[in-house]
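To start, the structure itself, in structure tokens.
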There are 2 protein chains.
Amino acid sequence: MNISDVANSTGLPVKTIRYYEDIGLITPARSANGYRDFSDTDLHKLAFIGRARSLGFGIEACRDLLRLYNDQTRASADVKRLAQSHLSEIDRKITELGEMRDTLSHLIDACAGNDRPDCPILADLAADHGSA
Amino acid sequence: MNISDVANSTGLPVKTIRYYEDIGLITPARSANGYRDFSDTDLHKLAFIGRARSLGFGIEACRDLLRLYNDQTRASADVKRLAQSHLSEIDRKITELGEMRDTLSHLIDACAGNDRPDCPILADLAADHGSA
DNA sequence: GCTTGACCTTCCAGTTACTGGAGGCCTTAT
DNA sequence: ATAAGGCCTCCAGTAACTGGAAGGTCAAGC
């Protein structure tokens, strides 16, 4: 299988697949002409990585997940721990973004949005929010 | 004012302040010895940027906000538009993270988390989610 | 046999917003 | 005189790609 076939099957961009080889996530064979020659296993791994990435796992976490997947002696507790740690990170980000969202939407509501210069958004950014 | 005073006042790291000068957000004066010599205006600008950044505005948006702030003839509509566009982006991210969160927490709930190898999380990542 | 166009290759640079570190002046206090 | 600490610049690295240049390969058509 050539790289564009794999890209079509997995939905991953060609560039990304090459990148995943660069960083050692996959090691496809090479044809005599130098082209990458992907096996079904490579395809499967890439699909796996693609789904893990779509759940927000970082590349190193993907590497760990792949290793666990290939390890028949794994304990599901190890996978769960990894996933929980990632979930906490997601929750942290959601909270952070939610706080931004709340502040920002209040400011937006307070702004007339007309052709006058006075603007509560700018006023808030310029205001002293210091603790002292 | 030396850079560490500004860092203390604004809460921004020294490195970040130098970086903001590099990219032209601020242009502090220099003392005879080559040290940056920050004015109150510089301080104010940096605090402004710090607050905009804490609301998640990107650097270029900060530049725009600063420009609008300094433009007495601005229309609040322009500020509002910028903020709304940023809010949409935040909402998009929250939605994306929320979807990840939901999927991931279902999988985590389904995983026994013991020392057995069978794991619904890995099974899901390995499963064919293809459209065909 | 040759050209054309679609693929494939590698390598380099750029993205975001910093952060860390090396190597080296400047200042202040002892 | 020296030691500590603050300041300087420049270089490299981070995460995960993405775009583009320069060039080899392959299949089809004339």
Side-chain angles (χ1 to χ4, degrees), chain A residues 1-38 42-43 45-46 48-66 85-86 89-90 92-93 96-97 100, chain B residues 1-38 42-43 45-46 48-66 85-86 89-90 92-93 96-97 100:
Chain A
M1 255 181 136
N2 276 347
I3 198 166
S4 64
D5 303 318
V6 178
N8 280 331
S9 300
T10 60
L12 295 171
V14 166
K15 280 275 191 186
T16 299
I17 297 169
R18 291 203 192 99
Y19 172 69
Y20 287 166
E21 182 185 6
D22 267 4
I23 63 174
L25 283 181
I26 51 166
T27 314
R30 294 291 176 138
S31 303
N33 59 13
Y35 288 16
R36 288 171 184 81
D37 185 17
F38 295 86
D42 293 323
L43 189 63
K45 272 191 189 182
L46 285 167
F48 183 101
I49 296 165
R51 282 189 290 272
R53 292 287 299 123
S54 78
L55 288 178
F57 286 99
I59 291 291
E60 290 315 308
C62 289
R63 211 187 289 276
D64 291 344
L65 287 168
L66 220 38
S85 147
H86 178 46
E89 184 60 16
I90 288 177
R92 198 192 56 69
K93 282 182 190 163
E96 186 183 355
L97 286 170
M100 287 178 186
Chain B
M1 257 180 135
N2 275 348
I3 198 166
S4 63
D5 304 318
V6 177
N8 280 332
S9 300
T10 60
L12 295 170
V14 165
K15 281 274 190 183
T16 299
I17 297 170
R18 292 204 191 99
Y19 172 69
Y20 287 166
E21 181 185 5
D22 267 3
I23 63 174
L25 283 179
I26 50 166
T27 314
R30 294 288 178 141
S31 302
N33 60 11
Y35 287 17
R36 287 170 185 79
D37 185 17
F38 294 86
D42 295 321
L43 189 65
K45 273 190 188 180
L46 285 168
F48 182 100
I49 296 165
R51 281 189 290 271
R53 291 287 300 124
S54 78
L55 288 179
F57 285 99
I59 291 289
E60 289 315 308
C62 288
R63 209 187 291 274
D64 291 343
L65 287 167
L66 220 39
S85 146
H86 178 46
E89 184 60 15
I90 288 177
R92 197 191 57 69
K93 283 182 189 162
E96 186 182 355
L97 286 170
M100 288 178 187

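Just so you know, these numbers come straight off a predicted model, no measurement behind them. In the text below, chain A, chain B and the rest are named by the order of the sequence lines, each starting its count at 1.
- Taking every heavy atom of both residues into account, B:Arg36 and B:Asn2 meet most closely at O-OD1, 3.7 Å.
- Under a 4.0 Å N-O distance rule, the pair A:Lys93/A:Glu96 does not qualify as a salt bridge.
- A:Glu60 has a carboxylate O that lies under 4.0 Å from a charged side-chain N of A:Arg63, or vice versa, which qualifies the two as a salt bridge.
- B:Arg36 comes within 4.0 angstrom of sugar-phosphate atoms only, judged by non-hydrogen atoms across all strands, and of no base.
- If you measure from atom CZ of B:Arg18 to atom P of D:dC10, you get 12 Å, rounded to the nearest angstrom.
- If you take CG of A:Asp22 and C1' of C:dT9, they are 12 Å apart, rounded to a whole angstrom.
- Not a single side-chain contact (heavy atoms from CB on, under 4.5 Å) links A:Ser4 to another residue, sequence neighbours left out.
- In this structure, B:Ile17 atom CD1 and D:dT9 atom P are separated by 13 Å, rounded to whole Å.
- Of the candidate nucleotides C:dT9, D:dC7, C:dC8, C:dT9 has the atom nearest to the side chain of A:Arg30.
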Inset, instruction - Between protein and nucleotides 16-26 of chain C, map the contacts as a letter string: B base, S sugar-phosphate only, - none, heavy atoms under 4.0 Å, written 5' to 3'. - result: -BBSBB----B
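- B:Ile23 comes within 4.0 angstrom of nothing in the nucleic acid, heavy atoms only.
- Summarising the geometry, atom OH belonging to A:Tyr20 is positioned 4.0 Å from atom CD1 belonging to A:Ile59; distances are rounded to the nearest 0.5 Å.
- When rounded to the nearest whole Å, the span between CD of B:Glu21 and C1' of D:dC8 equals 11 Å.
- Taking both residues in full, the closest heavy atoms of A:Leu65 and A:Ala52 are given as CD1-CB, 4.1 Å, listed atom of the first, atom of the second, then distance.
- Rounded to an integer number of Å, the gap from CG of A:Asp37 to P of D:dC26 is 13 Å.
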